[in-house]
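Accompanying notes for the structure given below.
Just so you know, these numbers use all the heavy atoms, side chains as well, and skip hydrogens, waters and symmetry mates.
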4 protein chains.
Amino acid sequence: MVLYSGTMSAPTARGGRPREERVDAAILSATRELLVEGGYAGLTVGAVAARAGIGKAAIYRRYETKQEMVFAAAVHGLDLESPPDLGSLRAELEWLTEVIAATLSGPAVAGALGGLLADMSDDAVVSRMRETFVAHQRANVTAVLDRAVARGELTSRPDAAVVHAMLLGPVFAWLFVLREPGDVRGFAPTLARMAAAALSA
Amino acid sequence: MVLYSGTMSAPTARGGRPREERVDAAILSATRELLVEGGYAGLTVGAVAARAGIGKAAIYRRYETKQEMVFAAAVHGLDLESPPDLGSLRAELEWLTEVIAATLSGPAVAGALGGLLADMSDDAVVSRMRETFVAHQRANVTAVLDRAVARGELTSRPDAAVVHAMLLGPVFAWLFVLREPGDVRGFAPTLARMAAAALSA
Amino acid sequence: MVLYSGTMSAPTARGGRPREERVDAAILSATRELLVEGGYAGLTVGAVAARAGIGKAAIYRRYETKQEMVFAAAVHGLDLESPPDLGSLRAELEWLTEVIAATLSGPAVAGALGGLLADMSDDAVVSRMRETFVAHQRANVTAVLDRAVARGELTSRPDAAVVHAMLLGPVFAWLFVLREPGDVRGFAPTLARMAAAALSA
Amino acid sequence: MVLYSGTMSAPTARGGRPREERVDAAILSATRELLVEGGYAGLTVGAVAARAGIGKAAIYRRYETKQEMVFAAAVHGLDLESPPDLGSLRAELEWLTEVIAATLSGPAVAGALGGLLADMSDDAVVSRMRETFVAHQRANVTAVLDRAVARGELTSRPDAAVVHAMLLGPVFAWLFVLREPGDVRGFAPTLARMAAAALSA
DNA sequence: GTTTAAACGAGACGGTACGTCACGTCTTGTC
DNA sequence: GACAAGACGTGACGTACCGTCTCGTTTAAAC
């Protein structure tokens with residue numbers, strides 16, 4: 001399922017030249033490339049336009065600000081599949097954690113998220129982020145918890161927001177604050193095991 | 001214990017007018033005020049100077065970059081006491097979590113941390129951050145774990161980095177990514193209880 | 001005599017939908033309106049199209065550049081009649097001056113001429129302007145001078161270019177450089193009287 | 001006498017780094033060079049900054065708009081000396097006309113005036129132009145007429161504005177509208193002779 | 001009639017310049 | 001030599017306009 005694909009009012013489709021998909025794609029992939037190469041701080045709208053072979057106006061026709069564009073590029077196309085039924089809470093938590101870790105440690109996301117957080121005084125981007133990225137992940141967490149309750153692994157369903165924070169948070173901190181050397185992926189199973197223990201207690 | 005107070009080499013004290021403490025204080029409190037008012041994104045060095053009633057040069061005489069200044073202002077004076085022996089792992093984890101939550105949710109820190117993370121490609125600030133904020137918190141986590149091992153609550157000492165991530169992460173995510181409404185402080189006991197269960201398992 | 005009516009090759013009339021006269025008229029009158037409202041500097045092709053209720057392409061199908069369009073709108077339909085034989089050099093000079101003043105002080109022309117002059121590095125517009133506006137006026141000046149010589153009012157025929165400059169110039173300066181308050185029309189008789197005296201001397 | 005040297009509020013001179021004369025001079029001469037090379041239409045603020053080896057901000061600190069800058073550069077330093085007493089109205093008119101022709105046909109002025117006229121909807125530039133360029137020339141015309149009256153060459157003093165238009169206008173038209181080939185300078189004596197005849201009649 | 005070809009309103013396109021703003025440095029005169 | 005003030009070069013921002021190019025539709029002439 002594609003999470004996100006554009007921010008500004010789509011063309012009213014009432015006559016006029018239609019937007020070119022080629023341009024949409026070029027913007028997003030140029031943004032991702034430059035995010036990987038120089039991070040959020042080193043990313044310029046002009047450079048994105050140049051790399052994409054388009055004009056700046058074509059970008060601002062689609063995104064109100066640079067932040068919107070980066071957000072779209074970093075989160076767009078994150079294919080957040082729903083968690084499969086793996087038979088046990090712990091296995092599903094591990095699956096969730098791995099997906100979160102994989103998502104956050106993708107090269108474009110890694111370059112963008114810090115910067116996005118910085119400019120988050122901009123309420124529009126904040127709420128868009130919540131409506132897409134956060135809401136979708138939350139739904140997955142809820143689904144896993146509901147299944148665990150149905151299986152009898154949990155007697156009462158814990159607050160999904162708390163569990164979400166417990167899964168997402170450590171991965172986030174590991175990547176963006178603590179910046180421990182080594183792969184995050186190895187961290188996921190440990191985290192999932194601990195979370196399962198915490199919930200079962 | 002005061003964590004941080006300045007970044008650049010103090011004046012060599014070889015004649016000339018000494019730096020005025022008044023200026024140091026004015027910079028830091030102006031920075032904190034503006035951080036609260038407009039967040040990191042809306043903070044400019046010029047505005048800090050104007051608010052403090054000083055010149056920009058006085059700032060750059062003390063901090064090499066805007067990031068250093070914000071970091072000093074947001075973290076300076078965070079009095080990170082060592083965790084007292086409270087008799088049980090769970091009580092001490094709760095104490096740690098509450099201190100972390102209190103630290104991160106302070107108004108200036110809340111405004112600054114996201115932005116600081118954004119500009120963290122700058123290695124100087126990254127390493128300074130790690131050497132002070134992270135290292136000190138990590139030491140506290142280690143101390144708590146060591147005491148729990150000594151008490152026999154834990155058979156083997158878990159990796160302090162992992163535990164650190166499990167405590168800091170959810171608080172961080174709660175505040176900066178999920179931005180759930182309501183106080184973080186109420187979140188701390190729940191988190192500590194879960195962490196204790198996870199570690200004991 | 002109509003001076004000017006279009007610049008680009010008319011449709012070859014080889015099938016296809018014919019151009020609509022309605023559109024021609026709408027472009028010209030929208031241009032004139034906007035010229036009056038905001039002058040040349042404030043006029044955009046997009047605004048002309050919007051005001052005329054047409055598309056930009058319909059404009060560029062008729063005029064190669066914005067300058068061509070403005071020129072057509074400001075000069076089109078200037079009905080430059082030939083000067084009647086009024087019996088005396090002075091009377092005919094006065095007639096010429098009044099026609100020039102009336103032409104230049106028309107609302108659309110007043111808004112356009114300065115701007116047109118500005119973009120006159122474009123040689124196409126320059127030569128078109130010379131071939132129409134200037135050439136026609138020059139012919140009228142020549143005719144008046146020839147008649148004066150025939151009448152014996154002048155012993156030798158002065159250079160028509162000089163006389164043209166002496167009539168057109170002051171009106172032009174009055175309107176576009178000096179911008180004296182008050183009507184230009186009252187200025188015409190004085191100017192004509194002086195010109196007559198100068199030529200007779 | 002220097003006509004013009006800056007437009008925006010000079011620095012209050014109450015502390016702070018003073019403006020560098022080097023920058024003022026570099027802006028003006030770069031503007032003149034580019035005016036000569038490409039005319040008003042081909043002149044960009046960025047190019048002026050680059051040629052001058054300065055930043056755009058240094059330009060906008062001095063001039064509110066591109067037009068102000070061009071005006072300053074084209075008219076700045078026009079050393080409009082007062083007309084000397086040459087003994088006769090005709091000689092002094094010739095002197096005036098020559099000065100006007102020399103001024104308008106200078107390379108920078110020639111490149112700028114058309115464009116300036118175009119953007120003249122901007123009232124600030126218009127009034128500045130009147131207050132400096134026009135007012136000064138007008139004063140010279142008045143002085144010449146007053147002396148002619150004192151000498152008894154004229155019985156009543158004609159309207160200076162009209163005479164100004166009669167001298168400036170033809171030169172202006174010659175250069176910017178008619179664009180006759182050949183030097184304007186040769187035109188000045190003829191014009192002055194005619195003007196003298198017109199006034200004496 | 002059908003076909004064909006161009007004009008139509010709308011608006012997206014690449015490009016270029018605008019004027020603004022912030023950074024971190026430098027330069028005054030004063031303390 | 002630190003201070004307040006503020007100008008400096010650099011370079012990104014988001015806006016506006018140019019002249020071109022697609023869309024899907026409409027309209028008249030050619031067949």
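In this structure, CD1 of B:Ile59 is placed 14 Å from P of E:dA22, rounded to the nearest angstrom. In this structure, C:Gln67 atom CD and F:dG19 atom C1' are separated by 11 Å, rounded to whole Å. Separating the CD atom of D:Glu68 from the C1' atom of E:dC18 is a distance of 16 Å, rounded to the nearest angstrom. When rounded to the nearest whole Å, the span between CD of C:Glu64 and C1' of F:dC18 equals 15 Å. Following rounding to the nearest Å, B:Asp24 (CG) and F:dA2 (C1') show an atom-to-atom distance of 12 Å. Distance, B:Tyr60 OH to F:dA5 C1': 16 Å, rounded to whole Å. Rounded to an integer number of Å, the gap from CD of D:Glu21 to P of E:dT28 is 12 Å. One can place CD1 of C:Ile54 at 19 Å from P of F:dT26, the figure rounded to the nearest angstrom.
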Please walk me through it: do B:Arg51 and B:Glu37 pass side-chain contact (heavy atoms from CB on, under 4.5 Å)?
-> CA-CA 12 Å; B:Arg51 174 73 63 100; B:Glu37 291 171 21; 2.9 Å; yes

Go through the steps for B:Leu43 and B:Met69 under the test side-chain contact (heavy atoms from CB on, under 4.5 Å), then give the verdict.
-> CA-CA 11 Å; B:Leu43 181 141; B:Met69 177 190 71; 4.1 Å; yes

Given side-chain contact (heavy atoms from CB on, under 4.5 Å), test A:Ile27 with A:Ile54 step by step and report yes or no.
-> CA-CA 8 Å; A:Ile27 292 172; A:Ile54 60 167; 3.3 Å; yes

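Both D:Thr44 and A:Ala52 lie near DNA chain E, and the one whose nearest nucleotide falls closer to the 5' end is A:Ala52. Place A:Gly46 and B:Gly55 on DNA chain F by their nearest nucleotides, and B:Gly55 ends up nearer the 5' end. The residue among C:Glu20 and D:Lys66 whose nearest nucleotide of DNA chain E lies closer to the 5′ end is C:Glu20.
Counting only N and O atoms by type, the side chains of C:Glu68 and C:Tyr60 include no donor and acceptor under 3.5 Å apart.
Contact annotation: D:Lys56 does not reach the phosphate of E:dT20 (side-chain N/O to OP1 or OP2, under 4.0 Å). Residue C:Arg61 places at least one side-chain N or O closer than 4.0 Å to OP1 or OP2 of E:dC8. When the side-chain nitrogen and oxygen atoms of C:Arg17 are compared with OP1 and OP2 of F:dA28, none of them lie within a distance under 4.0 Å. The side chain of A:Arg62 contributes an N or O atom lying less than 4.0 Å from OP1 or OP2 of E:dC13.
Among the protein residues, D:Ala49 comes within range of no part of the nucleic acid, since none of its heavy atoms lies under 4.0 Å from any strand. Residue-level contact check: B:Leu43 touches the backbone only, with heavy atoms under 4.0 Å from sugar-phosphate atoms and none from bases.
Cation-pi check for C:Lys66 over C:Phe71 is not met; the charged atom does not lie both under 6.0 angstrom from the ring centroid and within 45 degrees of its normal.
When each of F:dA4, F:dA2, E:dC23 is scored by its nearest atom to the side-chain atoms of B:Val45, the top-ranked nucleotide is E:dC23. Closest to the C:Arg22 side chain, of the nucleotides E:dC26, E:dG24, E:dC8, is E:dC8. Set against E:dG14, F:dT10, F:dG19, the side chain of D:Ala57 has F:dT10 as its closest nucleotide. The side chain of A:Arg19 sits closest to E:dA12 out of F:dG9, E:dT20, E:dA12.
C:Arg19 places a side-chain N or O within 3.5 Å of a backbone atom of C:Arg61 that can act as its donor or acceptor partner.
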